[in-house]
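The chains referred to below are lettered A, B, ... by the order of the sequence lines, with proteins before strands, and numbering in each begins at 1.
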Amino acid sequence: MTAEAPTRNLDFIREIVEEDLRSGKYKSVVTRFPPEPNGYLHIGHAKSICLNFGIANEYGGHCNLRFDDTNPTKEEAEYAEAIKRDVNWLGFSWGDHLYHASDYFEQLYLWAEDLIRDGKAYVDSLTAEEIREHRGSLTEPGRESPYRNRTADENLDLFRRMRAGEFPDGAHVLRAKIDMQSPNINMRDPVLYRIRHEDHHRTGDRWDIYPMYDYAHPLSDAIERITHSICTLEFEAHRPLYDWLIENVRVPATPHQYEFARLNINYTVMSKRKLLRLVEDHYVSGWDDPRMPTIAGLRRRGCTPAAIRNFAERVGVAKRENVIDVDLLEFCVREDLNRVAPRVMGVLRPLPVVIENYPEGQREEFETPNNPEDATAGTRKVPFSRVLYIERDDFMEEPPKKFFRLAPGREVRLRSAYFITCTGVVKDEGGNIVELRATYDPATRGGDAPDGRRPKATLHWVSAQGAIDCEVRLYDRLFNVEDPESGGDFLTHLNPQSLEIVPAAKLEPGIRGASPLDRFQFERLGYFTVDLDSTPEKLVFNRTVTLKDTWAKVKGESK
RNA sequence: UGGGGAGUCGCCAAGUGGUAAGGCACCGGUCUUUGGAGCCGGCAUUCGGUGGUUCGAAUCCACCCUCCCCAGCCA
């Protein structure tokens with residue numbers, strides 16, 4: 001027996017967590033996922049959720065869900081509800097650790113007064129424009145505001161009157177008194193509070209001043225005794241300010257901020273601003289449009305939470321900018337669905353086939369496995385009759401070299417049924433194929449030939465009698481370029497073929513009764529899920545992802 | 001041209017001085033009542049570049065190059 005020393009490949013954040021736990025710096029770990037309720041969560045957030053909740057779970061700590069609701073002009077309760085639903089759906093739970101930055105407004109305000117009394121904050125009465133001018137630039141230092149040296153009493157008085165609503169929006173702001181010469185622009189007396197005469201979705205009209213993210217975030221982390229405050233790279237330059245506040249405010253704990261690279265995926269966009277644009281201007285049907293990279297969209301598309309979690313794990317956590325191949329996401333989705341999705345036969349573009357030697361009016365049923373990958377999934381019966389539908393793509397009158405499917409004179413297997421041989425092609429006046437004639441071999445019942453012959457192809461099929469008409473929505477990537485953000489307006493890269501509606505696909509009768517979000521594999525085609533628009537009278541399916549298709553690839557290459 | 005980060009296979013990503021893990025993609029083969037899945041194999045003499053230190057460097061030092069972030073009273 002060799003006891004392998006399992007060298008786990010920890011990401012750099014987990015390494016830090018383990019070291020902090022090992023050294024005793026922290027007794028247990030507390031993380032937080034801090035969304036702003038101003039839009040829906042997307043798969044980039046899923047990476048952060050898996051990281052934060054994942055670490056909490058792995059190291060026996062907990063992860064808070066905290067709404068970063070410091071800006072009343074952009075936030076809505078509806079978004080908060082959607083966010084909670086999505087985090088839960090992904091499989092994580094915050095227990096009773098649900099918080100809001102707005103819950104801390106009073107404490108945050110009191111601390112701001114402390115800062116003023118300590119001479120570390122002041123009320124500035126410059127206009128926004130003037131503040132910008134005084135800030136300097138990347139290469140020039142800033143200049144101090146003429147209001148920078150007001151007395152603590154004067155500042156306190158003004159700040160209290162700001163709170164009391166005595167001034168209009170923009171009249172004053174509270175600023176930290178740090179260093180206008182700092183090479184780090186974020187340290188040039190950052191704004192801590194601004195006046196906003198606007199109702200907040202949780203605090204109503206109680207406040208006329210609202211804290212900025214840079215002020216509220218570190219202090220909220222301290223209040224919640226967060227140990228590891230994990231955020232994305234763009235906040236790296238804000239860390240000195242984060243640390244400044246933790247040092248200069250009498251907070252009950254000393255959290256630390258760590259930054260990792262956000263997730264990007266090709267052929268889509270991930271910024272909330274752009275996703276909002278797609279929704280508001282109706283380029284998609286909503287935040288949960290199955291083409292959207294939102295959690296809600298992926299759910300409606302048919303992705304499983306497990307697939308998304310596996311994806312987040314394979315993607316890794318590091319500090320280098322990255323763009324993940326959407327192929328990896330699709331792989332994770334197929335991998336999970338292959339295990340769990342019951343199989344069913346459905347024909348998207350029906351081509352009738354009449355089995356000439358099969359008695360008119362005769363019917364029989366075949367037993368077929370629900371999931372060859374899962375012996376416990378059992379079997380079901382599918383009806384067979386004289387007229388069948390097969391996929392139009394499964395027949396070619398003049399088949400090229402590598403086309404193994406049905407063609408005149410060729411024999412193929414109908415999955416779980418019989419071998420059939422194409423004996424004729426019926427066309428309309430326009431020369432379009434409207435029907436196939438064929439004969440079946442009664443000896444191949446069930447799909448095996450006693451003489452051992454093996455057709456090169458097995459086709460899916462549906463008996464015309466009893467077939468159920470369904471709408472099927474075929475999705476493709478939303479954008480037709482890898483990086484929609486580069487090269488002008490991202491909207492110009494929208495894929496006009498991202499949605500194709502198949503109005504009347506033929507499904508085997510067993511599909512009746514399927515409910516929204518049920519997932520299936522339509523054999524040889526892909527994974528499909530019942531859409532929210534579906535009704536018992538008219539089933540609607542979304543294609544989650546296709547199955548890999550070697551023939552499609554060969555065909556594509558020869559083009 | 002200030003400050004903060006990052007550069008290892010097409011895309012991710014391990015590696016922390018001892019002679020380049022793994023995944024996706026791709027390419028072969030095998031198997032197959034899904035051209036699916038599975039299984040087997042291939043896929044970086046080289047780590048942004050150039051010098052240097054060392055018996056030995058992706059790992060240490062120096063210089064250079066490229067990319068990303070910061071000038072919201074957004075987060």
Enquirer: With side chains defined as the heavy atoms from C-beta onward, is the minimum distance between A:Glu58 and A:Arg14 less than 4.5 Å?
Expert: yes
Enquirer: Does A:Arg339 put a side-chain nitrogen or oxygen below 4.0 Å from OP1 or OP2 of B:A37?
Expert: no
Enquirer: Name the nucleic acid region contacted by A:Val326, choosing base, sugar-phosphate or nothing; use a 4.0 angstrom heavy-atom cut-off, strictly under.
Expert: nothing
Enquirer: What nucleotide among B:G35, B:G5, B:C74 has an atom nearest to a side-chain atom of A:Phe403?
Expert: B:G35
Enquirer: Report yes if a side-chain nitrogen or oxygen of A:Arg194 is closer than 4.0 Å to either non-bridging phosphate oxygen (OP1 or OP2) of B:C74; otherwise report no.
Expert: yes
Enquirer: Counting side-chain heavy atoms from CB outward, which of B:G36, B:A21, B:C11 is closest to A:Asp325?
Expert: B:C11
Enquirer: Which nucleotide, B:A75, B:C73, B:C11, lies nearest any side-chain atom of A:Ala128?
Expert: B:C73
Enquirer: Do we see a donor-acceptor contact under 3.5 Å between the side chains of A:Glu234 and A:Thr232?
Expert: yes
Enquirer: With respect to the phosphate group of B:C12, does any side-chain polar atom (N or O) of A:Arg320 fall under 4.0 Å of OP1 or OP2?
Expert: no
Enquirer: Looking at every strand, decide which applies to A:Ile131 at a 4.0 Å heavy-atom threshold: base, sugar-phosphate, or nothing.
Expert: base
Enquirer: So which one's nearest nucleotide on RNA chain B is more toward 5', A:Leu233 or A:Leu10?
Expert: A:Leu233
Enquirer: Do A:Tyr79 and A:Phe67 make the cut of ring centroids closer than 6.0 angstrom?
Expert: no
Enquirer: Under a 3.5 Å cut-off for both distances, is B:C67 Watson-Crick or wobble paired, and to whom?
Expert: B:G5
Enquirer: Ring centres of A:Phe541 and A:Phe528 under 6.0 Å apart?
Expert: no
Enquirer: Check whether any side-chain N or O of A:Thr550 sits under 4.0 Å from OP1 or OP2 of B:G36, and answer yes or no.
Expert: yes
Enquirer: Under 3.5 Å, is there any donor-acceptor pair linking the side chain of A:Asn186 to the base of B:G4?
Expert: no
Enquirer: Roughly, in whole Å, what's the span from CG in A:Asp179 to C1' in B:G3?
Expert: 12 Å
Enquirer: Choose from B:C26, B:G10, B:A13 the nucleotide whose nearest atom is closest to any side-chain atom of A:Asn322.
Expert: B:A13
Enquirer: Quick check on side chain to side chain contact (heavy atoms under 4.5 Å, CB included): which of A:Asp20, A:Asn9, A:Leu10 does A:Glu15 satisfy it with?
Expert: A:Leu10
Enquirer: Among the candidates B:G2, B:A13, B:C26, find the nucleotide nearest to the side-chain atoms of A:Ile185.
Expert: B:G2
Enquirer: In whole Å, what separates the C1' atom of B:A13 from that of B:C24?
Expert: 11 Å
Enquirer: Any Lys/Arg nitrogen of A:Asp336 or A:Arg519 sitting under 4.0 Å from an Asp/Glu carboxylate oxygen of the other?
Expert: no
Enquirer: What nucleic acid atoms does A:His460 come within less than 4.0 Å of, heavy atoms only: base, sugar-phosphate, or nothing?
Expert: nothing
Enquirer: So that I know where these two stand, are A:Tyr213 and A:His217 an aromatic pair - ring centroids less than 6.0 Å apart?
Expert: yes
Enquirer: Please determine whether a side-chain nitrogen or oxygen atom of A:Thr73 lies at a distance below 4.0 Å from atom OP1 or OP2 of B:C74.
Expert: no
Enquirer: Any side-chain N or O of A:Arg132 less than 4.0 Å from the OP1 or OP2 oxygen of B:G72?
Expert: yes
Enquirer: Paired with B:U54 by Watson-Crick or G-U wobble geometry, both distances under 3.5 Å: which nucleotide is it?
Expert: none
Enquirer: Can you see if the side chain of A:Arg524 gets near the phosphate of B:G35 - specifically, an N or O under 4.0 Å from OP1 or OP2?
Expert: yes
Enquirer: Just to be sure I understand the rule, does A:Phe235 reach a base, reach only the sugar-phosphate, or reach nothing, if contact means heavy atoms closer than 4.0 Å?
Expert: base
Enquirer: Could you check whether A:Val323 gets within reach of a base, just the sugar-phosphate, or nothing at all, counting any heavy atom under 4.0 Å?
Expert: sugar-phosphate
Enquirer: Counting side-chain heavy atoms from C-beta on, which of B:G36, B:G35, B:G72 comes nearest to A:Glu373?
Expert: B:G36
Enquirer: Looking at the side chain of A:Thr139, which of B:G72, B:G2, B:U34 is the nearest nucleotide?
Expert: B:G2
Enquirer: Determine the Euclidean distance between corresponding P atoms of B:U46 and B:A20; express it in Å to zero decimal places.
Expert: 11 Å
Enquirer: Using the benzene-type ring in the case of Trp, are the ring centres of A:His200 and A:Phe105 under 6.0 Å apart?
Expert: yes
Enquirer: With a cut-off of less than 4.0 Å, is there a side-chain N or O of A:Lys548 near OP1 or OP2 of B:A25?
Expert: yes
Enquirer: By nearest atom, which of the nucleotides B:C24, B:C69, B:G2 is closest to the A:Leu328 side chain?
Expert: B:C24
Enquirer: Return the 5'-most residue of the pair A:Ala261, A:Phe404 with respect to RNA chain B, ranking by each residue's nearest nucleotide.
Expert: A:Ala261
Enquirer: Within the structure, does a side-chain N or O atom of A:Lys553 lie under 4.0 Å from either OP1 or OP2 of B:C26?
Expert: yes
Enquirer: Quick one: which of B:C68, B:A13, B:A71 gets closest to the side chain of A:Ala318?
Expert: B:A13
Enquirer: Output yes when at least one side-chain N/O atom of A:Arg135 is less than 4.0 Å from OP1 or OP2 of B:G72, else no.
Expert: yes
Enquirer: Which nucleotide, B:A37, B:A6, B:U34, lies nearest any side-chain atom of A:Pro372?
Expert: B:U34
Enquirer: Can you tell me whether the base of B:G35 sits syn or anti, using the 90° cut around 0 to define syn?
Expert: anti
